[in-house]
Amino acid sequence: MKQLALDIGLSTGPTLANFCAGPNLAALRHLELWVGAKSQAGAANRSPVPTYLWGPSGSGKSHLLKAAREALREQGARVGWLDASVLEAPEFNESWAAVLLDDVHLYTAAQQHAAFNWFVNAQTHQRPVLAAGEFAPVELQLRDDLRTRLGWGHVFSLQPLSEPERRAVLRQAADARGVFLSDEVMDFMLTRFSRDLGSLMELLELLDGYALQTQRAITIPLIKSMMDNH
């Protein structure tokens, strides 16, 4: 599915509006306020309190961080972004409106050093920090000074959507596209592919495009045909 997802190039990307909150509504509401406050005059002068999101893979952590980054960019703000794929982090930039740290549980020693430096500078310059990882702050295998800072402020534990919630969201997304998904097709999608919501949405987008291209309804044979042709 990863290769197929790369072939789309059409998805709108993560936003706060398209985040399916389920049991994570408190975190969504917090970030909506957080992003909104950054756009208000004088908000940058408030003492920023860091926010940390944690939970298992598929619970929506990266979606929320990327959505917050995009919302700030739309406001014309620059941000510092660090995740485990960034091998050489830039120096902290005073023009950044915020610092965002994703997948902190995977950071190397060098990335931890950069993240700690960013964190200290962000506090000095009154910039907020938004971070995410798979584990609660106390359970992170990170250097002590970084781990304690991640747990300083607002901490939200995220939970993956239940299967009924995933089905409901998938059905709603299909209806919005004018696509009919039978229960049989839904079962096939949930058992044969990655069950996290982001992957399922990418799969739905691929299926919709392939069905339009081939002028066929979305069925299990169509899904198998699409997989055979990619």
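Values reported hereafter were calculated over all heavy atoms of this structure, with side chains retained and with hydrogens, waters and symmetry mates removed. This one's a predicted model, so the numbers in the text were calculated from it and none came from an experiment.
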The side-chain contact (heavy atoms from CB on, under 4.5 Å) partner of Leu53 among Asp102, Asn24, Leu65 is Leu65
Among Leu200, Val169, Leu170, which one satisfies side-chain contact (heavy atoms from CB on, under 4.5 Å) with Leu161? Val169
Got Gln126 and Pro48 here, is their nearest side-chain heavy-atom distance under 4.5 Å? yes
Side-chain touch Val99/Gln123, heavy atoms, less than 4.5 angstrom: no
Quick check: closest heavy atoms across [X] and [Y], and the distance to 0.1 Å?
{"X": "Pro128", "Y": "Ala97", "result": "CD-O, 3.2 Å"}
{"X": "Tyr210", "Y": "Ser225", "result": "OH-OG, 2.9 Å"}
{"X": "Ala122", "Y": "Phe92", "result": "N-CE1, 3.8 Å"}
{"X": "Leu28", "Y": "Leu16", "result": "CD1-O, 3.7 Å"}
{"X": "Val49", "Y": "Gly153", "result": "CG1-CA, 3.6 Å"}
{"X": "Ala132", "Y": "Tyr52", "result": "C-CE1, 3.7 Å"}

Nearest-0.5 Å distance that lies between atom [atom1] in [X] and atom [atom2] in [Y]:
{"X": "Thr15", "Y": "Leu64", "atom1": "OG1", "atom2": "CG", "answer": "10.0 Å"}
{"X": "Thr51", "Y": "Leu150", "atom1": "OG1", "atom2": "CG", "answer": "11.0 Å"}
{"X": "Cys20", "Y": "Arg166", "atom1": "SG", "atom2": "CZ", "answer": "11.5 Å"}
{"X": "Asn117", "Y": "Glu91", "atom1": "CG", "atom2": "CD", "answer": "6.0 Å"}
{"X": "Arg69", "Y": "Arg78", "atom1": "CZ", "atom2": "CZ", "answer": "13.5 Å"}
{"X": "Phe188", "Y": "Leu203", "atom1": "CZ", "atom2": "CG", "answer": "9.5 Å"}

By side chain to side chain donor-acceptor pair (under 3.5 Å), which residues pair with Arg177, not counting sequence neighbours? Asp208
Please list, chain by chain and in numerical order, all residues satisfying side chain to side chain donor-acceptor pair (under 3.5 Å) with Arg167, sequence neighbours excluded. Glu163, Asp187
Test side chain to side chain contact (heavy atoms under 4.5 Å, CB included) applied to Val120 and Arg149, step by step: CA-CA 9 Å; Val120 170; Arg149 278 171 171 77; 4.1 Å; yes
Mark yes or no for whether [X], through its side chain, and [Y], through its backbone, hold a donor-acceptor pair below 3.5 Å.
{"X": "Arg127", "Y": "Glu94", "result": "yes"}
{"X": "Gln112", "Y": "Arg143", "result": "yes"}
{"X": "Gln111", "Y": "Leu82", "result": "no"}
{"X": "Lys61", "Y": "Pro56", "result": "yes"}

Same cluster (ILVMFWY, side-chain, under 4.5 Å), [X] and [Y]:
{"X": "Trp118", "Y": "Leu130", "answer": "no"}
{"X": "Met227", "Y": "Met186", "answer": "yes"}
{"X": "Val86", "Y": "Trp96", "answer": "yes"}
{"X": "Ile220", "Y": "Leu204", "answer": "yes"}
{"X": "Trp54", "Y": "Leu158", "answer": "no"}

Just grab all the ring-ring contact (aromatic ring centres under 6.0 Å, His included) pairs involving residues 98-117, residues at least two apart or on different chains. His105-Phe135
Going by ring-ring contact (aromatic ring centres under 6.0 Å, His included), name the pairs with one or both residues in residues 60-83, residues two or more places apart or in two chains. Phe19-His63
Contacts of type ring-ring contact (aromatic ring centres under 6.0 Å, His included), residue Phe156, not counting sequence neighbours: His30
Stepwise side chain to side chain contact (heavy atoms under 4.5 Å, CB included) test for Leu207 and Val179: CA-CA 10 Å; Leu207 289 172; Val179 171; over 6 Å; no
Decide if atom CZ of Arg192 counts as having more than 12 heavy atoms of other residues, nucleotides or ligands within a radius under 6.0 Å. no
For Asn18 and Met201, run side chain to side chain contact (heavy atoms under 4.5 Å, CB included): C-alpha distance rounded to whole Å, both residues' side-chain angles, the deciding distance at 0.1 Å, then the answer. CA-CA 11 Å; Asn18 67 18; Met201 290 302 176; over 6 Å; no
Check salt bridge (charged side-chain N to carboxylate O under 4.0 Å, His left out) between Asp175 and all other residues, then give those that pass, not counting sequence neighbours. none
Chi angles and distances behind the side chain to side chain contact (heavy atoms under 4.5 Å, CB included) call for Leu146, Val104: CA-CA 10 Å; Leu146 177 59; Val104 298; 5.9 Å; no
